[in-house]
Amino acid sequence: MANDYNAKDIQVLEGLDAVRMRPGMYIGTTGVKGLHHILWEIVDNSIDEAANGFADTIEVVVYEDGSASVEDNGRGIPVDMHPTMKISGVEVVFTQLHAGGKFDSHNYAHSGGLHGVGASVTNALSRWTEVTVRKNGTTYEAKFESKPNEKGVVKGGVIVEHLTDLKQKSKKTGTKVRFMPDDRIFETIRFNDEMIIKRLKELAFLNKGVRITFEDRRVGSGDGVESGKTEFCYTGGLKDFALYLNESKTPLFPNPIYFEGKKDNIELEAAIQYTDAYTESMFSYVNNIPTTEGGTHETGFKMGLTKVLNDFARKTGLLKDKDENLLGDDFREGMTAIISVKMQNVQFEGQTKTKLGNTEAKFACQQITETCLSECLEKNKSTTEIIIKKALLAAKVREATRKQKEITRAKNSIDSFNTIGKLKSCSGKKPELNELYIVEGDSAGGTCTQARNRSFQAILPLRGKPLNAEKKRIDQVLANEEIKSLISALGAGLGEDFNVDNLKYGKVVILSDADQDGFHIRCILLTFFFRYMRELINEGHVFIGMPPLYKISKKDKTLYVYSDAELDKARAEMGKGFEIQRYKGLGEMSADQLWETTLDPERRKMVQVGIEDAAEADRMVTVLMGDVVDQRKEYIVKHCDFDKEDEFIKNVK
Ligand code: TTJ
């Protein structure tokens with residue numbers, strides 16, 4: 001029983017020095033991501049308490065000194081003595097690795113996967129940690145510090161003040177933890193408002209009714225977020241999440257479908273809304289962790305959805321006896337769906353360990369979806385009809401485009417890739433070492449072809465603009481010559497059929513001019529990859545080539561400058577008497593210069609494209625590439641900071 005939980009239930013496994021020795025093993029990196037990871041470790045505990053119905057408010061604060069705190073109004077961490085360790089429950093939680101009760105399945109229904117290394121990891125990697133617990137009508141406090149011992153070795157998270165009863169009467173209950181990340185461990189200890197807000201908002205969607213607040217008390221924090229308190233609380237949970245994701249799309253019905261159910265100790269919660277879009281936007285979570293690569297829960301949900309909708313289509317006569325069942329793809333065109341699964345013993349697989357592997361989740365999610373979704377659809381006949389009619393149309397188009405696809409596929413297999421369109425192929429036989437440069441225009445393409453190293457660099461010049469995939473259905477996308485040559489050059493198929501294993505190039509580099517047109521082409525290509533070849537981005541194959549903006553030269557010295565922010569630095573470095581040349585386009589460079597500055601792996605600069613947050617990226621692509629102009633303007637004004645680009649521009653070998 002959850003209420004009998006006390007200090008003796010907390011399992012003990014390991015000491016904290018291991019964490020300081022190898023932080024990467026516990027939090028992945030000591031960069032900005034790792035810094036936030038130790039905050040999420042703390043937040044997760046409060047979320048668990050809320051998910052179990054014992055807390056409804058979580059407050060996160062970043063202070064002037066750079067420390068952060070998390071406070072909830074739950075039952076408070078146990079304060080009684082641990083029977084064998086002779087320290088309080090609080091001290092066990094913060095000084096023993098893996099302690100926290102989360103790993104003891106009878107107390108908490110769910111255990112974290114990626115997170116869930118425990119609050120002790122946060123303590124180990126902090127300069128100091130202060131814990132305040134309110135319960136039993138009083139207030140308790142404990143303090144920990146990381147500092148050098150007699151031998152000069154820094155010991156992490158050492159108890160400096162045992163849990164003490166402050167004898168402050170309090171009717172409230174709850175836990176507050178404030179910690180100062182250790183700058184001897186992390187590359188940066190500056191918390192990022194934008195990252196925190198993004199995750200807290202997501203957690204608020206995933207845990208309906210929980211009020212989560214954030215306050216940055218640093219002066220002029222300048223993270224692009226206005227100061228003051230931000231509050232998230234969504235009584236609709238995933239339903240509100242779906243509405244949020246579809247804000248700049250056109251929904252086909254106002255009220256998202258929502259259901260939750262449980263089977264074999266696996267809980268599934270789902271929200272579904274359809275829009276007039278042509279692509280599918282599906283997001284899944286397991287124990288509040290995003291599963292970007294999908295997995296068994298998604299598969300089960302999709303199978304259930306397809307089955308239920310096909311059954312309804314037959315029952316209502318929209319599908320006749322002679323007709324074949326519609327495909328899952330047909331039912332998912334224009335679908336925005338979020339599913340959230342809570343379960344134990346999660347196993348993550350895949351390239352980035354964000355794919356659920358548990359086979360039992362497939363069956364459970366399929367069953368729950370079949371039962372609950374058919375109930376929802378039964379109650380909302382008009383919504384059901386809208387969905388099925390949209391799917392019927394999608395199937396019709398699919399049939400019509402099948403031929404088109406076949407042509408593309410045939411082209412893929414017949415043409416050896418040095419004869420496709422305008423592609424200037426390379427001679428290397430190892431795809432992973434080969435690079436495809438997508439270049440704007442025939443003239444720049446020609447210079448690149450002269451400049452490149454033929455053994456591993458292929459050039460694909462694009463004539464004019466490729467098509468904006470956001471505004472078109474797949475058949476129209478496929479009819480576009482530029483896109484067709486791109487698909488066949490990459491050789492890995494498209495959409496559902498995309499298979500990254502068949503990719504002919506390890507790096508796909510977009511090389512366009514640093515002007516309006518060039519940016520537009522870059523956006524169009526990224527949108528296409530995002531909608532139809534997402535794995536290409538997820539697995540890190542996509543890069544943006546960075547030709548220099550300026551050449552600064554003196555008699556004996558030449559500097560190439562890749563951003564406006566860098567220009568002042570370069571000027572200072574040159575001293576007096578230099579010449580600046582601004583490159584307006586790739587076409588202005590000679591083949592030699594292009595090789596030196598942009599193509600040579602030893603010297604070139606590129607930006608690797610990644611997707612941090614697929615849900616947010618989806619919204620953003622719709623805002624930026626879709627039809628609603630006002631929203632786009634607002635977004636660009638709010639979010640564009642071109643100086644920031646600098647930190648992403650790196651040499652990539
Ligand atoms: C466990 O069962 C007895 C009553 O308290 C339960 C518990 O530990 N609740 C709890 C822990 N609520 N909040 C926390 C918590 C909050 C923060 C901010 C940090 C940590 C490590 C735990």
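Remember, it's 1-based here, ligands and their atoms both numbered in the order they're listed.
- The ligand atoms of ligand 1 that sit less than 4.0 angstrom from a heavy atom of Ile42 are 18 (C), 19 (C).
- Of all the atoms in ligand 1, the ones that sit under 4.0 Å from a non-hydrogen atom of Pro78 are 8 (O).
- The Val177 neighbourhood of ligand 1 comprises atoms 17 (C), 18 (C), 19 (C), with distances under 4.0 Å to a heavy atom of that residue.
- For Ala119, the closest heavy-atom approach to ligand 1 falls below 4.0 Å.
- Residue Glu49 has at least one heavy-atom neighbour below 4.0 Å for each of these atoms of ligand 1: 6 (C), 7 (C), 9 (N), 10 (C), 12 (N).
- Inclusion of Asp72 in the set of residues having an N or O under 3.5 Å from an N or O of ligand 1 is warranted.
- Looking at ligand 1, you won't find any N or O of Val70 less than 3.5 Å from one of its N or O atoms.
- Remark: distances from the non-hydrogen atoms of Phe94 to ligand 1 include one below 4.0 Å.
- Crowding of Lys249 atom NZ: a count of heavy atoms from other residues, nucleotides or ligands under 6.0 Å exceeding 12.
- Legend: residues meeting side chain to side chain contact (heavy atoms under 4.5 Å, CB included) with Lys143, ordered by chain and number and at least two apart, are Glu130, Glu141, Val160, Glu161.
- Applying the salt bridge (Lys or Arg N to Asp or Glu O under 4.0 Å) test to every pair with at least one member in residues 21-34, sequence neighbours left out, gives these pairs: Lys33-Glu612.
- Under the 4.0 Å criterion applied to side-chain N and carboxylate O atoms, Asp56 and Arg211 are not assigned as salt-bridge partners.
- Counting atoms of ligand 1 from 1 in the listed order, those under 4.0 Å from a heavy atom of Ser46 are 16 (C), 17 (C), 18 (C).
- In this structure, Asp65 does not pair ionically with Arg127, as no charged nitrogen and carboxylate oxygen lie closer than 4.0 Å.
- Panel note: side chain Ser146, backbone Ser126; a donor-acceptor pair is recorded below 3.5 Å.
- In this structure a side-chain-to-backbone donor-acceptor pair under 3.5 Å is present from Gln273 to Phe253.
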